[in-house]
Structures are given as C-alpha cells and as structure tokens.
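Written out below as structure tokens is the structure these notes cover.
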Amino acid sequence: MTATPGTAVPLTQAALDAHWMPFTANRQFKQAPRLIARAEGMNFWTPEGREVLDGIAGLWCVNAGHARPRIVEAIRAQASELDYAPPFNMAHPKSFELAERLVHIAPPGMNKVFYTNSGSEAVDTALKMALAYHRARGEGSRTRLIGRERGYHGVNFGGISVGGMVANRKMFGTLLGGVDHLRHTHDPRNLFSAGQPEHGADLADDLERLVALHDASTIAAVIVEPVAGSTGVLLPPKGYLERLRAICDRHGILLIFDEVITGFGRLGAPFAATKFGVTPDLMTLAKGLTNGCVPMGAVLAKQHIHDTFMTGPEHVIEFFHGYTYSGHPLACAAAIATLDTYAEEGLLTRGATMAEPFGAAARAMRELPNVVDVRTMGLVAGIELAPIDGQPGARAFKVFLDCWERGVLVRTTGDTVALSPPLIIEPDHIDRLFKTLTEAIRSAA
C-alpha cells in the first residue's frame, strides 16, 4: 500500500505546551515530538511522509490494520444517519445487532453484553457487576476483590486497585478497600519458553491462601489477564488458568478475565478463553472490538449473572450503572464492520498461522546482547532486556527511540520491548520488524 504524504505543519510551542499527554515522558517528547499524520494497512506515516511499520497495532488495538475501507465507510454512513441515541431507557438497532454478533463468537454461556467506552470502564463495570451480583443473591458480605501482582486493568480507581503495577498505583492513595493480590506468574524457571511455560500452575493455589486469610464468604471476584500484556507479556503456565477456575468454583467466587488485549485474535483464537479452554464468569473487552477506530468497551456475562438482577417490579432499573456513550451508534457501526472484516479475512484465527514465523523470529533474539528472556504466543511477544544499572527502563526506551528513527514502532514497558502487530502481518513485515529491532538492541548494548 502507498500513501501520499501530507503537508508537514510545524507545531507551535503554545500547542506543545497546551497538551498534557497520557503515559508519556512529556518533557522528553516535547523536545523532539514523534508525530503520526496518517495510517494505512501495516504502516503509519509522519507529517513529512516518512513510513513507519506499526509493530504494536496502534496500542494493541488495530488488529485488522489501519484505514480498512469497510470500517471507514460504516463510520461515515452511521454519522450521517444517526449520530447519537440515548442509551438509558432508549436504544438503537445496531446495539442489539452487535450484541448478538459478540455472543455468537464468545465462549459458550457468555451470552449477555453490557457496553462501555474503554477497557478501563469495562473493568470497573465488571467489578461492580460482581459486587452487585453477590448482594442480589443474598451474599452481601462478598465485597473483597482479588487482583494479581503485575496486573494491568486500566486506570480507573477500580482497575488500579486490583491492578498490580506499582507506578500506576503509588501516587493515588489507598484506593479501594478490601483488595488483595495473587502472586504474579513470572517464574525464572520458564525463561525462553516457547508458548505456555511448564512451571507455575501451582501459583494459582495462592488463591487458596487468600481464602484462608480472608474467608471465601468475603470474596466477590478474582480478576486476571489470561496473558498479561502491559506488564511485559507474561504467559500463563500450563494448567494455571484451569486451576484458578476450579478454585473459584469451589468457593463460589466469580472469575473475571480481562481480555482487552487478548480479545479478537491476538493469540490465534477469538479470545484467550477460547484458546485456553477456560471460561470465566465475566469478560472485559475493548481495543480490537472496533479495530481502535471508535472508543468502545464491553463486558460479557453469563446468563445466570444477568438473571440474578432481573427481579422486583419490571419498571425499576435492575443495575444502576451505565455511561452516556454506552453502545454509541458510531462505535456499534465500527464494531459490526470490524467483525465483518475479521470474518471475511479469517483474522480471528490467522494469528495461529503466523505464530510460528513470528515466534521463531522473536526467539532468535535470545543471542543478542542484554536479552534476558523472550516470551511469545500467537502474535504477541515480549523481549526482556537487562536494565542499565541505576536506570531502570532506560535501555528499552533507547531501543524504542532507535526503532522509531529506523522506521518501526514498538512499545516498551519497563525494560521489556512488547510487540503486537496487526493480524494482517506478512512474512516480509516480520523480517523488517525483527531486523530493525535487532539493530536497535545491538546499538543499545
């Protein structure tokens, strides 16, 4: 695919000063801004017309590639037909059409859809559902939420409370009360594993320890990412998720999968729950739901959770929760067109086909200077680098900047380089991605 470069418009200092950027080293960025002007297929272009290969699907979200015609046209057409419809006591047809489509590809039994506008909102919605569910069924003492160390569940107060990334938590006080955490699954015995690691299923037994500490009657839900993305691509050990599911069942605890990153083909299956054969009670979605084109999230719930709320007078609201933009018409149109694109091109399972060449290229990096681990599954990889003494994160950030200058966009978290390219990636893209990353890691040695 080719692109016509746009006209480069220099940013004024006033414009740079006005924007407080999210999850960004603002002072460093504004000394040498990295700007994107347009995108198509596997690539971005800068305002000057320089091509940059997208190695992270935007931000784990553009699974079908950029500027897909079906999705673009669906958004355009919807904006001209119905730009907004109130979601409280009203609705529009596409929100129901999309819900039916999602239930069709969801793990069996997950047949209710509640719309949000982001992964962060989906997580807080799922946590509230879990608390309200237990209260509605007469177990209001179940108020405790269990997350996991090194977990990322968005940036709202519920999400950072159950999350386990220190930098996301340390500045915001005590957060939600009654929250505890499982140990993370990063086990040194599993370095350079290909796919699911062999060691660590027993780490799920940490939940039994928390049950013994707090008593199961106080615990509402456990939330985990099946594959932890933002903390550096941590894969679940063989048997871990199955064991966690069994413990939750034994103690009447709801299991929530945060599939904001793993959903919609990232692991070579529609969802991680499908990939691993473990079905949660609640599942959060976002990112690939609309191919990143319009903000949208959702929670999938099992029938019995939904039905527990459906009591009392029929004119009374059953679940006092929602957002002004829940099921927004443009988002629904984008999501339906995205699902059509996935289906027409087999993208929800294409990651399984491309996993071998992608994973082999990633694992070949183990011989490079300062590479201490490589973790990969489907079309996601984490290349962990040894930190520079006294400068955590500096080596990986240097690699990120070098890759950008060489025409490839990667992502870093701490000293791990994370890759999650669009699912339309071809062998020549894989070659370019890893050749560029190899050169950058050598340069950072």
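Along the sequence shown, residues carry numbers from 1. Since the model is a prediction, treat every value here as computed from it, not as a measurement.
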Inset, instruction - Answer yes or no: does atom CZ of R27 have more than 12 heavy-atom neighbours from other residues, nucleotides or ligands under 6.0 Å? - result: no

Legend entry - Point-to-point distance, once rounded to the nearest 0.5 Å, from SG of C403 to CG of L433: 8.0 Å

Inset, instruction - Flag the pair E208 and R250 as a salt bridge only when some basic side-chain nitrogen lies within less than 4.0 angstrom of an acidic carboxylate oxygen. - result: yes

Legend entry - Closest contact, heavy atoms only, G288 versus N63: CA-ND2, 4.0 Å

Inset, instruction - I would like to know whether F264 and L285 meet side-chain contact (heavy atoms from CB on, under 4.5 Å); could you show each step before the answer? - result: CA-CA 9 Å; F264 303 102; L285 308 174; 4.0 Å; yes

Inset, instruction - Kindly indicate, with the supporting measurements, whether the criterion salt bridge (charged side-chain N to carboxylate O under 4.0 Å, His left out) is fulfilled by D249 and R245. - result: CA-CA 6 Å; D249 287 343; R245 173 74 274 181; 2.8 Å; yes

Inset, instruction - State the CZ-NZ distance between R395 and K398, to the nearest 0.5 angstrom. - result: 8.0 Å

Legend entry - D415 (side chain) donor-acceptor with G393 (main chain) under 3.5 angstrom: yes

Inset, instruction - Evaluate the side-chain contact (heavy atoms from CB on, under 4.5 Å) criterion for residues I146 and V162: first the C-alpha distance (whole Å), next the side-chain angles of each, then the deciding distance (0.1 Å), finally the verdict. - result: CA-CA 6 Å; I146 307 296; V162 296; over 6 Å; no

Inset, instruction - Before accepting this row, confirm whether a basic side-chain N of the pair D205/R183 lies closer than 4.0 Å to the acidic partner's carboxylate O. - result: no

Inset, instruction - Please answer whether the main-chain N or O of V211 pairs with a side-chain N or O of H214 as donor and acceptor at a distance below 3.5 Å. - result: no

Inset, instruction - Flag the pair F114 / F319 as yes when their ring centroid distance falls below 6.0 Å, and as no otherwise. - result: yes

Inset, instruction - Check the surroundings of atom CD in E100: do more than 12 heavy atoms from other residues, nucleotides or ligands lie under 6.0 Å from it? - result: no

Legend entry - For V380 against R266, the heavy-atom pair lying closest together: CB-CD, 4.0 Å

Inset, instruction - For the residue pair P280 and K302, establish whether any side-chain heavy-atom pair is separated by less than 4.5 Å. - result: no

Inset, instruction - Side-chain contact test, heavy atoms from C-beta onward, threshold under 4.5 Å: evaluate it for I441 versus V371 and give yes or no. - result: yes

Inset, instruction - Could you tell me whether the side chain of N156 and the main chain of G158 form a donor-acceptor pair under 3.5 Å? - result: no

Legend entry - Ionic contact status for R406 with E51, cut-off 4.0 Å: no

Inset, instruction - Answer yes or no: is there an ion pair linking E139 with R142, defined by an N-O contact shorter than 4.0 Å? - result: yes

Legend entry - Close side-chain approach of R68 to I424, heavy-atom, < 4.5 Å: yes

Legend entry - Heavy-atom side-chain proximity of C248 to L207 below 4.5 angstrom: yes

Legend entry - Salt-bridge criterion met for D340 and R70 (N-O under 4.0 Å): yes

Legend entry - Expected output: side-chain S141 to main-chain S217 donor-acceptor under 3.5 Å: yes

Inset, instruction - Determine yes or no for a side-chain-to-main-chain donor-acceptor pair under 3.5 angstrom, with T46 supplying the side chain and R50 the backbone. - result: yes

Inset, instruction - Using modelled atom types only, decide if a donor and an acceptor are shared between the side chain of E259 and the backbone of A273 within a distance under 3.5 Å. - result: yes

Inset, instruction - Please check if the side chain of R169 supplies one atom and the backbone of G163 the other of a donor-acceptor pair under 3.5 Å. - result: yes

Inset, instruction - Could you tell me the separation between the CE atom of M296 and the OG1 atom of T338, rounded to the nearest 0.5 Å? - result: 10.0 Å

Inset, instruction - Answer yes or no: is there a side-chain heavy-atom contact under 4.5 Å between R148 and H181? - result: no

Legend entry - Enclosure of D428 CG (heavy-atom neighbours >12, cutoff 6.0 Å): yes

Legend entry - Non-hydrogen side-chain atoms of L347 and E345 separated by less than 4.5 Å: yes

Legend entry - Any V408 side-chain heavy atom under 4.5 Å of L437 side chain: no

Inset, instruction - Give the ring-plane orientation class for H328 versus Y325, where under 30° counts as parallel, over 60° as perpendicular and anything between as tilted. - result: tilted

Inset, instruction - For K30 and L16, indicate whether the former's side chain and the latter's backbone hold a donor-acceptor pair under 3.5 Å. - result: yes

Inset, instruction - Take F358 and F434 through the ring pair (Phe, Tyr, Trp, His ring centres under 6.0 Å) test and state the conclusion after the steps. - result: CA-CA 9 Å; F358 180 81; F434 285 100; 5.4 Å; yes

Legend entry - Spatial distance of atom CG (L255) from atom CD1 (I223) [nearest 0.5 Å]: 9.5 Å

Legend entry - Residue R135 excluded, over 12 heavy atoms near CZ under 6.0 Å: no

Inset, instruction - Look at the side chain of H66 and the backbone N and O of G41, then say whether any donor-acceptor pair between them is shorter than 3.5 Å. - result: no

Legend entry - Side-chain touch R375/F192, heavy atoms, less than 4.5 angstrom: no

Inset, instruction - Let me know which of R150, E149, E225 forms a side chain to side chain donor-acceptor pair (under 3.5 Å) with T231. - result: R150

Legend entry - Where S120 and G154 come nearest, the two heavy atoms and their spacing: OG-CA, 3.2 Å

Inset, instruction - Go through the steps to decide whether T262 and M283 satisfy the test side-chain contact (heavy atoms from CB on, under 4.5 Å), and finish with yes or no. - result: CA-CA 11 Å; T262 54; M283 189 163 75; over 6 Å; no

Inset, instruction - Heavy atoms only: give me the nearest S443-D402 pair and the separation to one decimal. - result: CB-OD2, 3.4 Å

Inset, instruction - Run the numbers on L203 and R243 for side-chain contact (heavy atoms from CB on, under 4.5 Å), then give the verdict. - result: CA-CA 9 Å; L203 290 168; R243 209 153 166 172; over 6 Å; no

Legend entry - Heavy-atom donor-acceptor pair, T413 side chain to T416 backbone, under 3.5 Å: no

Inset, instruction - Tell me, yes or no, whether the heavy-atom count around F276 atom CZ, taken from other residues, nucleotides or ligands under 6.0 Å, exceeds 12. - result: yes

Inset, instruction - Could you please spell out the steps behind the ring pair (Phe, Tyr, Trp, His ring centres under 6.0 Å) verdict for H321 and F309? - result: CA-CA 12 Å; H321 178 72; F309 289 89; over 10 Å; no

Inset, instruction - Kindly indicate, with the supporting measurements, whether the criterion side chain to side chain donor-acceptor pair (under 3.5 Å) is fulfilled by H153 and D258. - result: CA-CA 7 Å; H153 301 292; D258 184 341; 2.8 Å; yes

Inset, instruction - Heavy atoms only: give me the nearest A204-I247 pair and the separation to one decimal. - result: O-CD1, 3.4 Å

Legend entry - Minimum heavy-atom distance L267-M377, with the two atoms named: CD2-O, 4.0 Å

Inset, instruction - First locate atom CG of L282, then atom CG of L300, and finally report the distance between them rounded to the nearest 0.5 Å. - result: 9.0 Å

Legend entry - Point-to-point distance, once rounded to the nearest 0.5 Å, from CD of E405 to OG1 of T436: 12.5 Å

